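Notes follow the structure.
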Amino acid sequence: MLWHARTNETGIDQMNLFAEIRTLVTDSLTALAAEGVLPAGLELAQVAVEPPRDPAHGDMATNAAMVLAKPAGMQPRAIATALAEKLSLDPRVTAVEVAGPGFLNLRLAANVWQGVVKAALTEGLDFGKSSAGAGRKVNVEFVSANPTGPMHVGHVRGAVVGDALARLLAYTGWNVTREYYINDGGAQVDVLARSAYERYREANGLEPEIREGLYPGDYLIPVGEALKAKFGTTLLDKGEEVWLADIREIASEMMMEEIRGDLAALGVKMDVYSSEKALYGTGQIEAAIQALRDMDLIYEGTLEPPKGKTLDDWEPRIQTLFRSTAHGDDVDRPVMKSDGSWTYFAPDIAYHYNKVQRGFDELIDIFGADHGGYVKRMKAAVSALSNGKVPLDIKLVQLVKLYKNGEPFKMSKRAGTFVTLRDVVEQAGADVTRFMMLTRKNDVTLDFDFAKVLEQSKDNPVFYVQYANARINSVLRKSREAGIDCSDAALANADLAILGHPAEIEMAKKLAEWPRLVEIAAKANEPHRIAFYLYELASEFHSLWNKGNDDTSLRFIQDGNAATSSAKIALARATGVVISAGLGILGVTPVEEMR
RNA sequence: GGCCCCGUAGCUCAGCCGGAUAGAGCGACGGUUUCCUAAACCGUAGGCCGCGUGUUCGAAUCACGCCGGGGUCACCA
């Protein structure tokens with residue numbers, strides 16, 4: 001067999017064709033150096049093996065000759081010619097040509113592509129998995145919504161992006177922790193408590209006074225009932241100094257219960273919930289600040305007013321500041337208010353310090369785009385507290401614009417058009433919602449049209465991908481009815497050399513991109529790339545399917561020819577495997593039928 | 001004013017760890033159903049990749065400077 005899957009150190013079979021061919025190229029270059037054709041000790045890091053944009057240029061292209069020309073002190077063409085000769089000795093390579101300024105274009109044997117189909121069938125959902133993460137620990141913090149109410153549509157995107165990223169990293173060998181930071185230490189939970197208190201009065205038959213600045217939502221009515229059940233009427237005539245702390249506790253816990261339910265409805269399960277409030281009184285904040293102080297990064301000082309922005313109430317005041325400018329920030333940031341209490345930043349520093357101390361090799365935060373101004377100081381803090389050893393990547397997730405039938409849909413608490421996560425999931429379904437949330441890069445705003453996401457047409461990428469999977473399952477169903485063994489093991493042993501039609505080879509080539517795509521997406525922390533790939537994969541499949549209309553030899557089921565059928569069904573099933581693996585990373589359930 | 005993000009086809013957006021003639025969907029126009037699900041497919045038309053300079057063998061991609069849009073900016077979280 002010319003092609004065989006490689007087993008890496010973690011025991012996961014992987015077959016990344018691009019990586020394999022790159023190894024072939026670098027091995028060949030090393031051999032040329034040993035033969036004295038090339039100088040010894042060339043740096044090969046810049047050597048890339050990629051699919052050429054134009055398929056007419058072949059299956060793989062490498063820039064090796066151009067990258068090495070200068071360090072080797074040779075003409076690109078000379079290197080290219082020597083390398084081409086070496087590469088053409090490999091049985092996987094059927095043609096090598098020097099092109100353009102010095103590209104080497106490779107064409108690969110059909111059985112290489114057929115081998116990809118086999119690999120997908122034997123490896124199943126592990127096809128494309130990698131050990132790039134090498135078991136390193138990564139913490140993905142996302143959602144972290146205030147525990148003051150149910151999650152609304154604005155939180156959905158962050159939840160989906162965070163969860164899909166976590167799945168993607170797990171798929172690539174990282175040891176992932178999903179974490180939610182509960183913002184329960186600030187004034188907003190006092191507001192929650194006061195709002196809940198009014199609902200408590202209401203539960204006792206009094207008229208609630210939902211003053212300006214309190215949370216008016218109905219979702220606090222059950223909290224009022226619960227408070228009545230617990231306290232009866234005992235708190236009715238008491239001031240908040242008596243009840244505030246208790247009610248804050250109870251109400252925020254109930255809200256977190258609500259939020260956990262919201263996340264579950266979306267299919268998101270956190271590994272760890274960390275509480276901001278729990279950091280107070282434990283000395284953790286003080287310890288984190290002290291650690292910074294020990295590095296001479298904390299000082300008492302006065303900030304300049306922001307230039308170009310008029311603050312009528314600006315007055316210089318002495319505050320405790322973090323010298324974040326020493327780690328790339330634009331101005332130093334206050335960690336303590338002038339009254340001696342911590343700013344929001346201080347516990348967050350302690351929280352991130354805690355994450356560093358828990359031994360994570362990398363931290364990722366998913367924030368809403370309105371927190372953009374917070375990125376540099378947080379990175380500065382982590383950089384300082386980890387001695388620059390733990391990278392923090394912060395993904396800002398842009399707004400979701402809601403549409404109903406093409407009309408913008410404004411959310412307003414007052415007008416009662418407050419769209420909750422539950423509303424979205426109930427109307428669109430968790431799968432559709434998740435996929436749609438990943439059809440844009442995180443830093444671009446996303447339109448979400450309730451009518452469109454439920455439409456069954458190509459306009460709707462979720463449907464389009466699911467439809468391809470349904471067609472594949474339809475083929476498998478019919479094949480089984482016809483008595484063909486459609487187990488993956490049986491299909492993997494089919495005579496795949498039958499898959500020789502260009503359209504079939506194209507399909508296999510698309511499958512071959514999957515491991516590489518996963519690798520790139522994980523390296524960039526960009527799960528949306530999976531969604532885009534799946535769309536392309538589905539497109540390739542629909543195309544092949546329709547070619548069967550004109551050319552019956554391209555149909556998957558070939559009546560009366562079991563061997564041919566098995567090979568073609570294997571190709572369909574391999575595609576289904578990759579679709580399932582991809583949807584799995586997005587947290588979307590593949591459907592078997594569209595009806 | 002500082003910082004961050006965005007600017008690619010009429011519209012919505014991919015591509016951006018530098019690679020060859022820049023892609024997809026929608027919309028427009030023209031085709032494809034005795035056939036494994038036409039809920040699909042195929043084709044045509046449509047681009048100073050915001051502008052400029054630089055780095056490079058090579059720039060949509062990197063750097064710097066502009067322009068336009070959005071976000072954000074000391075005791076909010």
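Owing to the predicted nature of the structure, the values given are computational and were not obtained by experimental measurement. Sequence lines set the chain letters: A, B, ... in the order given, protein chains first and strands last, and positions in each chain run from 1.
Of the N and O atoms on the side chains of Asp339(A) and Ser341(A), at least one donor lies less than 3.5 Å from an acceptor on the other residue. A donor-acceptor contact closer than 3.5 angstrom links the side chains of Ser543(A) and Lys547(A). Using a 3.5 Å distance cut-off with no hydrogens or angles, the side chains of Thr302(A) and Gln319(A) do not pair a donor with an acceptor. A donor-acceptor pair shorter than 3.5 Å can be found between the side chains of Tyr299(A) and Asp332(A). The closest side-chain donor-acceptor pair between Tyr215(A) and Gln188(A), if any, does not fall under 3.5 angstrom. Under 3.5 Å, the side chains of Glu249(A) and Ser252(A) contain no donor-acceptor pair of N or O atoms. In this structure, a donor-acceptor pair under 3.5 Å is absent between the side chains of His371(A) and Asp365(A). Between the side chains of Thr148(A) and Asn146(A), not a single donor N or O lies within less than 3.5 Å of an accepting N or O.
When rounded to the nearest whole Å, the span between CG of Leu517(A) and P of C17(B) equals 14 Å. Look at NZ on Lys379(A): it is 11 Å from P on C4(B), rounded to the nearest Å. For the pair Glu97(A) CD and A20(B) C1', the interatomic distance rounds to 12 Å; values are reported in whole Å. Atom CD in Glu304(A) sits about 16 Å away from atom P in G2(B), given to the nearest Å. In this entry the distance linking CG of Asn469(A) with C1' of A40(B) reads 16 Å, nearest Å. If you take CG of Asp559(A) and P of C36(B), they are 10 Å apart, rounded to a whole angstrom. In this entry the distance linking CD1 of Ile285(A) with P of A77(B) reads 12 Å, nearest Å. Here U33(B) presents its P atom at 8 Å from CG of Asp550(A), a figure rounded to the nearest Å.
At the phosphate of U37(B), OP1 or OP2 sits under 4.0 Å from a side-chain N or O atom of Ser474(A). Contact annotation: Arg471(A) does not reach the phosphate of U37(B) (side-chain N/O to OP1 or OP2, under 4.0 Å). Under 4.0 angstrom from either OP1 or OP2 of G15(B) there lies at least one side-chain N or O belonging to Lys441(A). At the phosphate of A74(B), neither OP1 nor OP2 sits under 4.0 Å from any side-chain N or O atom of Thr343(A). Between Lys458(A) and C26(B) there is a side-chain N or O to OP1 or OP2 distance below 4.0 Å. Of the side-chain N and O atoms in Lys376(A), one or more sit less than 4.0 angstrom from OP1 or OP2 of C4(B). In this structure, His528(A) reaches the G15(B) phosphate: one of its side-chain N or O atoms is under 4.0 Å from OP1 or OP2. Phosphate proximity of G23(B) to Tyr533(A): absent, as no side-chain N or O sits under 4.0 Å from OP1 or OP2.
Distance check on atom P: G7(B) versus C49(B) gives 14 Å, rounded to whole Å. Comparing C4(B) with A63(B), their P atoms are spaced 11 Å from each other, to the whole Å. For the C1' atoms, the distance linking U61(B) with U72(B) amounts to 27 Å, nearest Å. Going from the P atom of U44(B) to that of G2(B) covers 48 Å, rounded to whole Å. Of the C1' atoms belonging to U12(B) and C41(B), the separation is 23 Å, rounded to the nearest Å.
Taking every side-chain heavy atom of Met66(A) into account, G19(B) is the closest of C16(B), C13(B), G19(B). Nearest to the side-chain atoms of Phe556(A) among the listed nucleotides C36(B), C6(B), A40(B) stands C36(B). Side chain of Asp313(A), nearest nucleotide from A77(B), A14(B), A74(B): A74(B). In the set C13(B), A40(B), U21(B), the nucleotide with an atom closest to the side chain of Asp54(A) is U21(B). Looking at the side chain of Asp459(A), the nearest of the listed nucleotides U37(B), G25(B), A40(B) is G25(B). The side chain of Lys70(A) approaches C57(B) more closely than any other nucleotide in the set C36(B), G15(B), C57(B).
Summary of the strand contacts: Pro316(A) and Arg440(A) both lie near RNA chain B, and taking for each the nucleotide with the nearest heavy atom, the more 5' one is attributed to Arg440(A). Residue Val444(A) is the one, among Arg53(A) and Val444(A), whose nearest nucleotide of RNA chain B lies closer to the 5' end (criterion: closest heavy atom).
RNA chain B is contacted by Ala187(A), Gln188(A) of residues 187-195 of chain A, taking any non-hydrogen atom closer than 4.0 Å.
With hydrogens and angles ignored, the 3.5 Å screen pairs no side-chain donor or acceptor of Asp190(A) with any backbone N or O of Arg248(A).
Expressed to the nearest 0.5 Å, how far CH2 of Trp514(A) lies from OG1 of Thr575(A) amounts to 12.5 Å.
Nucleic acid contact for Tyr535(A): sugar-phosphate only, since backbone atoms but no base atoms lie under 4.0 Å from a heavy atom of the residue. If you check every strand for non-hydrogen atoms under 4.0 Å, Thr552(A) touches a base. Here Asn63(A) lies in heavy-atom contact (under 4.0 Å) with a base. In this structure, Ala572(A) reaches neither bases nor backbone, as no heavy-atom distance under 4.0 Å exists between it and the strands shown.
Taking only distance into account, the side chain of Arg317(A) meets the base of A74(B) through a donor-acceptor pair shorter than 3.5 Å. Residue Asn546(A) places a side-chain atom within donor-acceptor reach of the base of A40(B), judged by atom type and a 3.5 Å distance cut-off alone.
Glu526(A) and Lys441(A) are not joined by a salt bridge, as no carboxylate oxygen comes within less than 4.0 angstrom of a charged side-chain nitrogen.
With a 6.0 Å cutoff to the six-membered ring centre and a 45° limit on the axis angle, Arg471(A) does not count as a cation-pi contact of Phe541(A).
Annotated as anti: U56(B), whose O4'-C1'-N torsion sits more than 90° from 0.
With the 3.5 Å cutoff on both pairing distances, Watson-Crick and G-U pairs in RNA chain B assemble into runs of at least 3 at B:1-7 with B:67-73, B:10-13 with B:23-26, B:28-32 with B:40-44, B:50-54 with B:62-66.
The ring of Trp545(A) does not lie on top of the base of A40(B); it is either too far (5.5 Å or more) or too tilted (30° or more).
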